[in-house]
Amino acid sequence: MTWNSHGQDLFSGPGLLRDQIRKFRPQIVLLQESCLGEVRQAVGQLEAYGLHYQYKPGTATYHFLCGGDNGQAVLVAKGTPLSNYKTVRYSKDDGEKRGYSTFTTKLAGRTVQVFNTHLNSARGAGTRPDQVKDLIAAARPYRRTLLGGDFNAQPWESAMRPVWEERPAYRDVDPYCGKDHHRWCNGTQEGSGKKFDHLLHQGINSRACYLRNTRNEDHRVVVSDVTAGAPSTATCRFV
């Protein structure tokens with residue numbers, strides 16, 4: 001599961017995040033633009049429902065509306081392996097401490113290296129291609145990788161070219177979202193309809209993809225079921 005929760009403008013405490021996790025019960029949650037204090041509260045509240053998650057913070061900056069840090073975080077369900085966790089800043093960013101977190105885990109019985117990222121917004125668009133290159137280079141040594149997060153770029157934009165040119169090839173969990181525009185590629189930002197939020201597989205596939213609107217009407221929640229088998233050919237389904 002990946003979600004840019006737009007936490008600093010949510011004003012609903014940890015409840016909305018808690019409820020999305022309760023609905024999908026994902027093994028791994030990749031969060032961007034989240035109030036990290038609220039993420040920690042949500043983890044505590046999930047305990048009451050028998051859902052136990054390990055919390056790992058990523059790159060973040062202080063935001064007065066959060067009353068603390070706003071940025072990236074990773075939640076990993078109890079029983080899911082997590083090792084070699086680290087956070088890395090990009091060589092170039094827009095002043096908001098952009099970077100990625102990465103760790104080793106097991107999905108569908110296979111060892112996978114997972115990356116969670118949030119690339120520059122429009123004001124830093126010029127450095128976004130360098131950030132994509134940094135991310136792909138960091139992932140290259142691993143046999144199976146999952147790149148998730150808010151890339152602030154649609155799949156067919158030039159900044160995303162290194163993703164599609166890499167070999168072995170990456171695939172988005174939505175099979176219609178790739179280097180060429182396709183009308184069946186579902187947008188993940190509610191207001192604009194743009195496809196900014198990605199779950200990109202290499203060496204492992206997705207057998208299903210789900211999108212969910214939330215009451216803050218910003219980014220949609222993106223959820224995928226990982227499989228060691230053949231990839232799905234179905235478009236992401238709204239739930």
Side-chain angles (χ1 to χ4, degrees), residues 2-8 28 30-34 36 56-63 69-74 84-104 112-174 177-182 185 187-189 192-204 218-220 222 224:
T2 184
W3 187 30
N4 176 329
S5 69
H6 198 48
Q8 72 275 13
I28 293 172
L30 308 179
L31 297 171
Q32 311 87 41
E33 209 170 312
S34 300
L36 299 192
K56 291 286 189 180
T59 57
T61 55
Y62 178 85
H63 198 295
D69 282 342
N70 175 268
Q72 299 173 44
V74 169
N84 306 316
Y85 187 92
K86 65 178 180 178
T87 296
V88 179
R89 287 278 302 276
Y90 285 123
S91 58
K92 298 180 181 179
D93 63 31
D94 56 7
E96 293 189 12
K97 296 185 179 179
R98 303 285 182 167
Y100 61 84
S101 298
T102 183
F103 59 96
T104 307
V112 180
Q113 193 71 18
V114 179
F115 292 79
N116 179 34
T117 193
H118 188 185
L119 302 188
N120 279 351
S121 58
R123 72 178 184 179
T127 59
R128 203 180 295 143
D130 293 301
Q131 293 176 345
V132 174
K133 290 176 184 176
D134 285 355
L135 182 64
I136 294 298
R140 190 168 292 136
Y142 302 98
R143 184 178 178 187
R144 301 181 192 90
T145 52
L146 174 65
L147 313 181
D150 178 1
F151 284 63
N152 269 313
Q154 300 204 81
W156 44 84
E157 293 177 9
S158 60
M160 294 290 288
R161 191 172 299 137
V163 171
W164 313 121
E165 293 177 349
E166 188 70 0
R167 293 293 178 268
Y170 279 96
R171 291 173 58 94
D172 192 88
V173 296
D174 188 329
C177 298
K179 65 179 181 179
D180 298 316
H181 181 270
H182 196 294
C185 175
T188 60
Q189 191 179 52
S192 68
K194 293 181 177 180
K195 165 70 174 180
F196 281 168
D197 305 274
H198 300 264
L199 283 171
L200 300 156
H201 296 107
Q202 184 193 62
I204 198 162
D218 189 45
H219 287 252
R220 291 167 173 144
V222 183
S224 168

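These numbers come from the heavy atoms of this one structure, side chains and all, not from hydrogens, waters or symmetry mates. Model, not experiment: these values are computed from the prediction.
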Atom [atom1] of [X] and atom [atom2] of [Y]: how far apart are they, to the nearest 0.5 Å?
{"X": "Gln189", "Y": "Lys194", "atom1": "CD", "atom2": "NZ", "value": "7.5 Å"}
{"X": "Lys133", "Y": "Glu166", "atom1": "NZ", "atom2": "CD", "value": "12.5 Å"}
{"X": "Arg140", "Y": "Arg167", "atom1": "CZ", "atom2": "CZ", "value": "12.0 Å"}
{"X": "Gln72", "Y": "Ser101", "atom1": "CD", "atom2": "OG", "value": "5.5 Å"}
{"X": "Gln32", "Y": "Ser5", "atom1": "CD", "atom2": "OG", "value": "8.0 Å"}
{"X": "Leu200", "Y": "Asp174", "atom1": "CG", "atom2": "CG", "value": "11.0 Å"}

Pair Asp180-Trp156, side-chain contact (heavy atoms from CB on, under 4.5 Å): steps then yes or no: CA-CA 5 Å; Asp180 298 316; Trp156 44 84; 5.9 Å; no
Checking [X] side chain against [Y] main chain: does a donor-acceptor pair fall under 3.5 Å?
{"X": "Thr104", "Y": "Gln113", "result": "no"}
{"X": "Thr87", "Y": "Gly58", "result": "no"}
{"X": "Asp172", "Y": "Gly178", "result": "no"}
{"X": "Gln131", "Y": "Lys92", "result": "yes"}
{"X": "Ser224", "Y": "Val173", "result": "no"}

Full working for side-chain contact (heavy atoms from CB on, under 4.5 Å) between Lys97 and Arg89: CA-CA 7 Å; Lys97 296 185 179 179; Arg89 287 278 302 276; 3.6 Å; yes
side-chain contact (heavy atoms from CB on, under 4.5 Å) assessment of Leu199 paired with Leu30: CA-CA 10 Å; Leu199 283 171; Leu30 308 179; 4.3 Å; yes
side-chain hydrogen bond (donor to acceptor under 3.5 Å, both in side chains) assessment of Tyr90 paired with Thr117: CA-CA 10 Å; Tyr90 285 123; Thr117 193; 2.6 Å; yes
Enclosure of Arg143 CZ (heavy-atom neighbours >12, cutoff 6.0 Å):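 For Arg143, atom CZ is not crowded (no more than 12 foreign heavy atoms under 6.0 Å).
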Ser91 side chain to Asp134 side chain, donor-acceptor N/O pair below 3.5 angstrom: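 The answer is yes; a qualifying pair exists.
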Check against side-chain contact (heavy atoms from CB on, under 4.5 Å), Glu33 and His219: CA-CA 10 Å; Glu33 209 170 312; His219 287 252; 5.7 Å; no
Pairing residues for Trp164 by the ring-ring contact (aromatic ring centres under 6.0 Å, His included) criterion, not counting sequence neighbours: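 ring-ring contact (aromatic ring centres under 6.0 Å, His included) list for Trp164, sorted by chain: empty.
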Show me the donor-acceptor pairs, under 3.5 Å and distance only, between side chains in residues 144-155 and residues at least two apart or in other chains.
{"from": "Thr145", "atom 1": "OG1", "to": "Tyr170", "atom 2": "OH", "distance (Å)": "3.1"}
{"from": "Thr145", "atom 1": "OG1", "to": "Gln202", "atom 2": "OE1", "distance (Å)": "3.2"}
{"from": "Asp150", "atom 1": "OD1", "to": "Asn152", "atom 2": "N", "distance (Å)": "2.9"}
{"from": "Asp150", "atom 1": "OD2", "to": "Asn4", "atom 2": "ND2", "distance (Å)": "2.8"}
{"from": "Asp150", "atom 1": "OD2", "to": "His118", "atom 2": "NE2", "distance (Å)": "3.1"}
{"from": "Asn152", "atom 1": "ND2", "to": "His118", "atom 2": "NE2", "distance (Å)": "3.4"}
{"from": "Asn152", "atom 1": "ND2", "to": "Leu119", "atom 2": "O", "distance (Å)": "2.9"}
{"from": "Asn152", "atom 1": "ND2", "to": "Asn120", "atom 2": "O", "distance (Å)": "3.4"}
{"from": "Gln154", "atom 1": "OE1", "to": "Lys195", "atom 2": "N", "distance (Å)": "3.1"}

